[in-house]
Structures are given as C-alpha cells and as structure tokens.
Amino acid sequence: MQTRTLGTTGPTVSALGLGAMGMSGAYGAADRAESIATVHAALDTGVTLIDTGDFYAMGHNELLLAEALRGRDRDSYRLSVKFGQLRGPGREFSGQDGRPEAVKNFLAYSLTRLGTDHIDIYRPARLDPAVPIEETVGAIKEMIEAGYVRNLGLSEVDAETIRRAHAVQPVADLQIEYSLLSRAVEADVLPTLRELGIGLTAYGVLSRGLISGHWSAGRTAGPGDGRGFSPRFSTGNVEHNLALVEALRMVADAKGCTVAQLAIAWVAAQGEDIVPLVGARTRERLAEALPAMELNLTAEDLADIENAVPPGAARGDRYPSAFMAGLGVGN
Ligand SMILES: NC(=O)c1ccc[n+]([C@@H]2O[C@H](COP(=O)([O-])OP(=O)(O)OC[C@H]3O[C@@H](n4cnc5c(N)ncnc54)[C@H](OP(=O)(O)O)[C@@H]3O)[C@@H](O)[C@H]2O)c1
C-alpha cells in the first residue's frame, strides 16, 4: 500500500483510507461480524487511516471500531474522528455544537468508547454557526497540548474558515466530498489547502455507491438507508446520473478495471495531497476498492474520464436541501 502525508504537519497514512460510517446503518442494515472482518482486512492489507464520527449511530460506530481494533498495535493505524453533530433518540439530526466545553465533552466520550488515550485527527463535522471557529479549534488546540489529540482536522467548511482555523492551529487535513460528481471543492477550497499546506481526505468518492457500478435504477434504498433521501438517487435524477455511469463504464472496460476502481483512481490522481476514503462495509467491496490505488491513469485516461462525466454533469444536490445549508461549498 502506498502512503501519502496529510499536509505539512499531518500524519503519513495509507493512500486509501477506510470510512466506517456505513458499518453503523447509514446505508441500511450492516452485518457486525462482516464489518469487523472488513476493518481487519483493511488493516491487514496496509490501510492505516480509519474514519469515524461520534454521531454515527450515536456511538455505535466508535464501539464497533474499538472491538475491531482490540489487540492491534495502537501505532499501526490512525483514527480520524468527527464530532459535534447533535442527534435525538429518533436518530434525527438537530444541529451542531462547537462550543469549547462541548468539544472536550465529546472528546472524553469518544476516547472512552474507542478505548484509546488519543485521537490522531479530531475534527468538527460541520461549522457551528453560533460559535466562532477560533473557539472550536482553540479547544482542540488545548486538547493537542494536553496529549489527547494529535492533529486538528476540518470537515465541509469554506476557504475562509480554513484560513481562520489554520491561524489558530495548523490544520492537517480537510475532509470533504470530492468525486467525479462533486467537484465544488476545486474552485476555492483546494487552492487554499495547497497554499496553506493542508491535506484533503476525500469522501463520497463513489457518490455513496451511485457511481460504483453497483447501483441501478431498479435498486431502492432499504429502511434506514440515507440514499433514500438523496436528491441524486431520486427518481428523475438517478436515471440521468446512471447514464453517466454507463459512459464511465466504457472507459473502465477499455482500461480493464471496474467503474468503482476508475472513480476512486480519478480522485487519487487529482494530487498527492489527496487521500480518498472508501466507505466499504464488506470485504468484497473493500477488495474491489484497494486495487484502484495501483491504477496508473494517463493524461488520456483522465481526459476520457472527464469526457464521460464532465464537471457539473450530475443531476441533483449532493445532500437533501436541509443539509445543504450546513456545507461550506455546494455541489
Ligand atoms: N465529513 C463528512 O461530512 C462525511 C460525510 C460522509 C461520509 N464521511 C466519511 O467518508 C466515508 C466514505 O463515505 P461514503 O461511505 O459516503 O462514500 P462512498 O465511499 O462514496 O460510498 C460508499 C458506498 O458505496 C457502495 N460501494 C459500491 N462499491 C464499492 C466499493 N468497491 N468500495 C466501497 N464502497 C462501494 C457501498 O454501498 P453498498 O454496500 O450498498 O454497495 C458503500 O456503502 C464514510 O464512511 C465516512 O467515514 C464523511
């Protein structure tokens, strides 16, 4: 497994990271034993970056990872943890809390659930509009100084917020959606990251499975599967978006790889400062994703891919409208 370094101050991690969100029901029911086997398979093949959030099924995801990581050398992997999203007992999302006292509270619970004495990259999942970013990341800086956190990360914020946070404490990486279907990051955010020496961990590189080659117009999201609320998967949009996948499939066939591998490799090819996260929740999906990092895309391949899926080609927002307002950039 190749490695990449997150920004000028962040850790060196595997060039492909594993996102664990789907192991806690974000895409419908997940099999616990298979999820744990998937984490083990990832670690055994050299994946060293694992991403979670304390709000992924209200702590369930952290407890699952604690079980999967038990007995592993703590220095052999890096944990990226998001915090701050508030939820209710009906699983509904009800805002973001970035107050310094809340940061420390969230951190104390995460450390306990994860069974660790430190988190490698700690990041607010979204900006709390009621709290200046300097205060939120100032609390993380304190926790870095106290040894509970190793690096500051950010998630889904705009270029100005990145600059403000970085002035308080160097930011290792920004986590943000980046894929062939979601390229808003390229306008202001990516140049700002590069100017400041901050890495990017890209999520949604398969657009939640939409551009994986495994989705079809006839496939419906089951109970609890967030894709059932996604504009890009909705009737009227999904047919258009799947036509883009078919165009991509022709490029993949010519290259001798799968659509998912091509989509992941395209993100990885956008810069050595970018680490794609894949949301595999089964060993089968993981085994498909990993070889993407061995694909060598030529300038001609990249042009063919972008001809198949030009910027802005996707139909539908990347989040339901209620969630779009909390993002630093659009689609
Ligand atoms: N910072 C943020 O705001 C934020 C937001 C969302 C996610 N994240 C993080 O990023 C991670 C990845 O994001 P994501 O899960 O939304 O995006 P993704 O990797 O684009 O989508 C994952 C889904 O794609 C499908 N898939 C099909 N083929 C696959 C393959 N070969 N490998 C992997 N998945 C395949 C799987 O669904 P099926 O199993 O149904 O086929 C899987 O659940 C999350 O786990 C989470 O840690 C961060």
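For the single chain, residues carry numbers from 1 onward in sequence order.
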Of the non-hydrogen atoms in [X] and [Y], which two are nearest, and what is the gap between them?
X    : Y    : answer
G22  : R281 : O-CD, 3.5 Å
N151 : A172 : CB-CB, 3.9 Å
M23  : A30  : O-CB, 3.7 Å
A125 : S155 : O-OG, 2.9 Å
A165 : L154 : CB-CD1, 3.9 Å
G213 : R249 : O-NH2, 3.6 Å

Would you mind reporting whether [Y] and [X] have side-chain heavy atoms less than 4.5 Å apart?
X    : Y    : value
V245 : W215 : no
I119 : Y148 : no
R318 : L327 : yes
V47  : L290 : yes
E246 : M250 : no

* Reference residue L200; test side chain to side chain contact (heavy atoms under 4.5 Å, CB included); the match among V275, V185, D273 ->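 Running side chain to side chain contact (heavy atoms under 4.5 Å, CB included) over V275, V185, D273 with L200 returns exactly one hit, V185.
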* Return the orientation label for the F106 and F83 ring planes: parallel under 30°, perpendicular over 60°, tilted otherwise. =>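 It falls in the tilted class, 30° to 60°.
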* To do: Kindly state each residue pair satisfying salt bridge (Lys or Arg N to Asp or Glu O under 4.0 Å) with at least one member in residues 234-244, sequence neighbours excluded.
  =>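 Found none.
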* To do: Just grab all the salt bridge (Lys or Arg N to Asp or Glu O under 4.0 Å) pairs involving residues 292-303, residues at least two apart or on different chains.
  =>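 Every pair satisfying salt bridge (Lys or Arg N to Asp or Glu O under 4.0 Å) with a residue in residues 292-303: K255-D301.
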Taking [X] for the side chain and [Y] for the main chain, is one N or O donor matched with an acceptor at less than 3.5 Å?
X    : Y    : result
S80  : D51  : no
R74  : H118 : yes
D97  : R99  : yes
S24  : M21  : no
S207 : L181 : no
S35  : D31  : yes
R227 : L210 : no
D317 : P320 : no
H40  : A68  : yes
S234 : P231 : yes

* Does R123 make a cation-pi contact with Y203 (under 6.0 Å, within 45 degrees of the axis)? ->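 Cation-pi check for R123 and Y203: fails.
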Between [X] and [Y], is there shared hydrophobic-cluster membership here, with clusters defined by ILVMFWY side-chain heavy atoms closer than 4.5 Å?
X    : Y    : value
F323 : F233 : no
V259 : V238 : yes
L248 : L297 : yes

Side chains of [X] and [Y]: do they bring a donor and an acceptor to under 3.5 Å?
X    : Y    : result
R113 : T52  : no
T38  : T282 : no
K82  : Y56  : yes

* Asked: Hey, which of H214, Q261, R283 is the one that makes side-chain hydrogen bond (donor to acceptor under 3.5 Å, both in side chains) with E288?
  ->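 Running side-chain hydrogen bond (donor to acceptor under 3.5 Å, both in side chains) over H214, Q261, R283 with E288 returns exactly one hit, H214.
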